[in-house]
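The chain is numbered in sequence order, starting from 1.
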Amino acid sequence: MQKCRACDSSINPFMSFGKQPIANGFLAKDQFPKEYFFEMQVASCPKCGLFQLIEQPDKEMMFHGNYAFFSGTSSAMQKHFAGYAEMVKTEYLKEPDPFVVEIGSNDGILLVNFAQAGIRHMGVEPSANVADVARKRGVQTLNKFFNRETAVEIVAGQGKADAFMAANVMCHIPFFHSVIEGIDALLKDRGVVIFEEPYLGDVLAKTSYDQIYDEHVFLFSLTSIAYVFGVHGFELVDVHPQETHGGSMRYVLARKGMRPVSAKVGQFLKAEKDAGLDKPETYAKFKAACEKSKRELTGLLGDLKAKGKRVVGYAATSKSTTVLNYCGIGPDLLEYISDTTPIKQGKFSPGMHIPVLSNEVFAARYPDYALLLGWNHSREIMAKEQAFKRGGGKWVSFVPTVGILE
Ligand code: DWN
Ligand code: SAH
């Protein structure tokens with residue numbers, strides 16, 4: 001029997017996505033024989049509601065000097081983070097000379113907005129290559145994993161913070177309690193914790209099972225966040241649903257009793273109960289929906305191949321690693337994957353070893369179909385790929401349902 005990573009209750013995996021490689025482990029041919037795989041099983045804790053991976057590879061295998069994801073590759077996300085910064089500045093930085101800390105700050109996509117406004121800030125980013133990009137943009141960055149120790153080091157150098165921020169990283173860190181202890185050590189009495197992460201409710205509703213991969217050790221809900229932070233004396237004071245990454249939730253927390261609690265918190269907690277997020281049947285249904293999605297997607301790609309159509313993947317996302325490996329989609333079904341990130345180009349996709357090529361290759365000779373692996377960026381992608389569509393090209397989509405987009 002496994003133990004919940006947050007509350008130590010016994011948990012049982014309800015499904016396995018099979019053997020999975022490192023999601024961002026794009027590799028060269030000579031690295032194929034040594035590629036690492038783990039069995040990706042998932043569970044939902046019956047006591048605290050935390051959705052989690054049973055096993056996660058060591059953090060140094062995922063986050064290092066050659067990390068393949070650069071936040072700034074999406075222009076829509078740059079705009080999104082400018083809005084996030086604006087919200088923090090206007091709502092929560094009311095004291096003179098404020099200081100903010102962001103973990104998982106990557107290439108500085110959020111903190112650059114504070115740096116340019118002359119606000120004292122510190123990013124904590126363990127992947128050295130993306131941290132270097134941030135520093136070159138004038139964003140103060142500590143090349144470390146955030147935990148209690150890192151927080152104490154920051155306080156010794158800069159004093160306590162007004163705001164602790166994060167985006168798409170809290171769900172990456174298995175030592176959750178050490179992170180919250182770090183936040184507690186870092187924040188002023190009235191300091192706020194603000195972070196946004198893929199939302200469990202959206203993943204279940206849209207069967208976007210590709211949000212589950214090695215880095216995402218957790219998928220959060222208000223229920224699980226309220227529980228885990230509650231243990232450390234924090235409470236949810238506000239929440240803001242976001243469209244990013246196919247449906248995210250922005251959580252705002254503060255020490256108990258320090259700030260007014262928005263009515264939205266109670267409303268969303270109730271909505272989670274109504275949606276059955278605490279019920280085993282909900283996860284049994286999700287499992288069946290994932291299996292159906294897999295059957296339909298492999299069926300559709302098989303049909304296209306049988307008709308002699310050229311099909312490629314579009315955007316070599318981390319999420320695509322789960323889909324391709326779970327469904328067994330390899331170079332026989334997808335000729336290559338088009339991606340704009342130089343560090344991924346010329347390499348092969350993790351596990352299934354599909355070549356990753358530049359967007360210029362895609363534009364030079366459009367395929368008949370493109371599988372929309374970066375479905376969360378569909379608005380941005382559709383806007384820039386109008387010539388593909390005009391030339392008769394079609395998009396294959398699999399979230400929320402499998403089909404050809406008209
Ligand atoms: O949580 C995480 C999120 C924030 O980012 C990380 N664990 C890793 C990463 O997940 P992802 O790789 O699934 O992120 P995206 O933003 O869905 O995918 C980015 C990839 O898509 C990049 O390789 C670039 C590519 N892309 C492209 O080729 N053309 C993206 C866009 C917008 C495009 O037009
Ligand atoms: N915040 C950015 C990046 C998300 S990707 C965005 O939303 O686009 C997750 C990032 O978290 C990676 O850059 C990774 O190196 C970093 N990370 C992983 N574990 C971490 C930890 N323990 N402390 C701080 N950052 C971490």
Side-chain angles (χ1 to χ4, degrees), residues 63 67 69-74 77-173 178-197 234 237-238 240 242 244 248 250-255 258-259:
F63 310 115
Y67 186 54
F69 173 69
F70 291 71
S71 302
T73 44
S74 157
M77 290 308 291
Q78 292 179 25
K79 272 195 213 120
H80 169 77
F81 281 112
Y84 181 152
E86 207 41 51
M87 175 259 192
V88 174
K89 283 191 255 175
T90 51
E91 305 256 333
Y92 297 109
L93 300 186
K94 294 187 175 157
E95 303 292 316
D97 189 27
F99 175 48
V100 298
V101 173
E102 188 202 0
I103 70 164
S105 43
N106 200 275
D107 58 10
I109 192 166
L110 172 62
L111 280 182
V112 75
N113 298 287
F114 294 86
Q116 285 170 359
I119 295 172
R120 281 197 304 128
H121 62 274
M122 181 58 76
V124 183
E125 175 48 68
S127 300
N129 58 333
V130 293
D132 280 348
V133 175
R135 287 198 187 110
K136 288 195 183 106
R137 299 168 81 188
V139 173
Q140 302 282 320
T141 308
L142 206 54
N143 181 212
K144 292 208 162 168
F145 286 94
F146 183 79
N147 53 22
R148 194 175 185 284
E149 245 179 18
T150 320
V152 169
E153 185 184 327
I154 296 173
V155 174
Q158 306 255 7
K160 292 205 172 189
D162 297 81
F164 169 95
M165 305 182 295
N168 309 303
V169 57
M170 296 291 280
C171 69
H172 294 53
I173 314 179
S178 174
V179 169
I180 307 177
E181 282 163 23
I183 293 173
D184 197 21
L186 188 66
L187 279 186
K188 292 179 182 168
D189 287 349
R190 271 180 53 77
V192 282
V193 184
I194 306 164
F195 61 90
E196 58 184 41
E197 314 278 317
F234 285 86
V237 295
D238 211 350
H240 307 273
Q242 306 290 317
T244 46
S248 299
R250 183 179 293 164
Y251 305 93
V252 185
L253 298 108
R255 290 198 175 82
M258 293 307 267
R259 289 181 181 264

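With contacts defined as side-chain heavy-atom distances shorter than 4.5 Å, the pair His172/Phe63 qualifies. The shortest distance between side-chain heavy atoms of Ile154 and Lys144 does not fall below 4.5 Å. Side chains of Arg250 and Tyr84 form a contact here, defined as non-hydrogen atoms less than 4.5 Å apart. Residues Phe114 and Glu102 fail the side-chain proximity criterion, which asks for heavy atoms closer than 4.5 Å. By the 4.5 Å heavy-atom criterion applied to side chains, Ser105 and Thr141 are counted as neighbours. Considering only heavy atoms from C-beta on, Val237 stays 4.5 Å or farther from Val192 through its side chain. Within the 4.5 Å cutoff, no side-chain heavy atoms of Ile183 are placed close to those of Leu253.
Side-chain rings of Phe146 and Phe164 approach one another, their centers coming within less than 6.0 Å.
Applying the 6.0 Å contact sphere to CZ of Arg135 captures more than 12 heavy atoms from other residues, nucleotides or ligands.
Of the possible donor and acceptor atoms, one in the side chain of Arg137 sits under 3.5 Å from a partner among the backbone N and O of Asp107. His121 contributes no side-chain N or O that, together with a main-chain N or O of Val139, makes up a donor-acceptor pair within less than 3.5 Å. Using modelled atom types, one side-chain atom of Glu125 and one backbone atom of Asn106 make a donor-acceptor pair closer than 3.5 Å. Side-chain atoms of Ser74 come within 3.5 Å of backbone N or O of Met77 as a donor-acceptor pair. Looking at Gln78, its side chain never comes within 3.5 Å of a backbone N or O of Ile109 through a donor-acceptor pair. Distance alone, capped at 3.5 Å, places no donor-acceptor pair between the Asp132 side chain and the Asn129 backbone. Although no hydrogens or angles enter the test, the distance criterion places a donor-acceptor pair under 3.5 Å between the side chain of Asn143 and the main chain of Pro126.
A distance of 10.5 Å separates CD of Gln158 from CD of Glu153, quoted to the nearest 0.5 Å. For the atom pair His240 NE2 and Met87 CE, the distance stands at 3.5 Å (nearest 0.5 Å). Between the CE atom in Met170 and the CD atom in Glu197 there is a gap of 6.5 Å [rounded to 0.5 Å]. Annotation: the span from Tyr251 atom OH to Glu196 atom CD amounts to 10.5 Å, rounded to 0.5 Å.
Considering all non-hydrogen atoms of both residues, Ala151 and Ala185 come closest at CB-CB, 4.5 Å. For the residue pair Ser178 and Asn147, the shortest heavy atom distance occurs at OG-CB, 3.4 Å. Heavy-atom minimum distance, Asn113 versus Phe81: ND2-O, 3.7 Å. The nearest pair of heavy atoms linking Lys89 to Ala117 is NZ-CB, 4.0 Å.
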Can you give each donor-acceptor pair under 3.5 Å made by side-chain atoms of residues 91-99, sequence neighbours left out, with the distance rounded to 0.1 Å?
from	atom 1	to	atom 2	distance (Å)
Asp97	OD1	Arg120	NE	3.2
Asp97	OD2	Arg120	NE	3.4

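Of the charged side-chain nitrogens involved, at least one lies within less than 4.0 Å of a carboxylate oxygen, so that Arg255 and Asp184 count as a salt-bridged pair.
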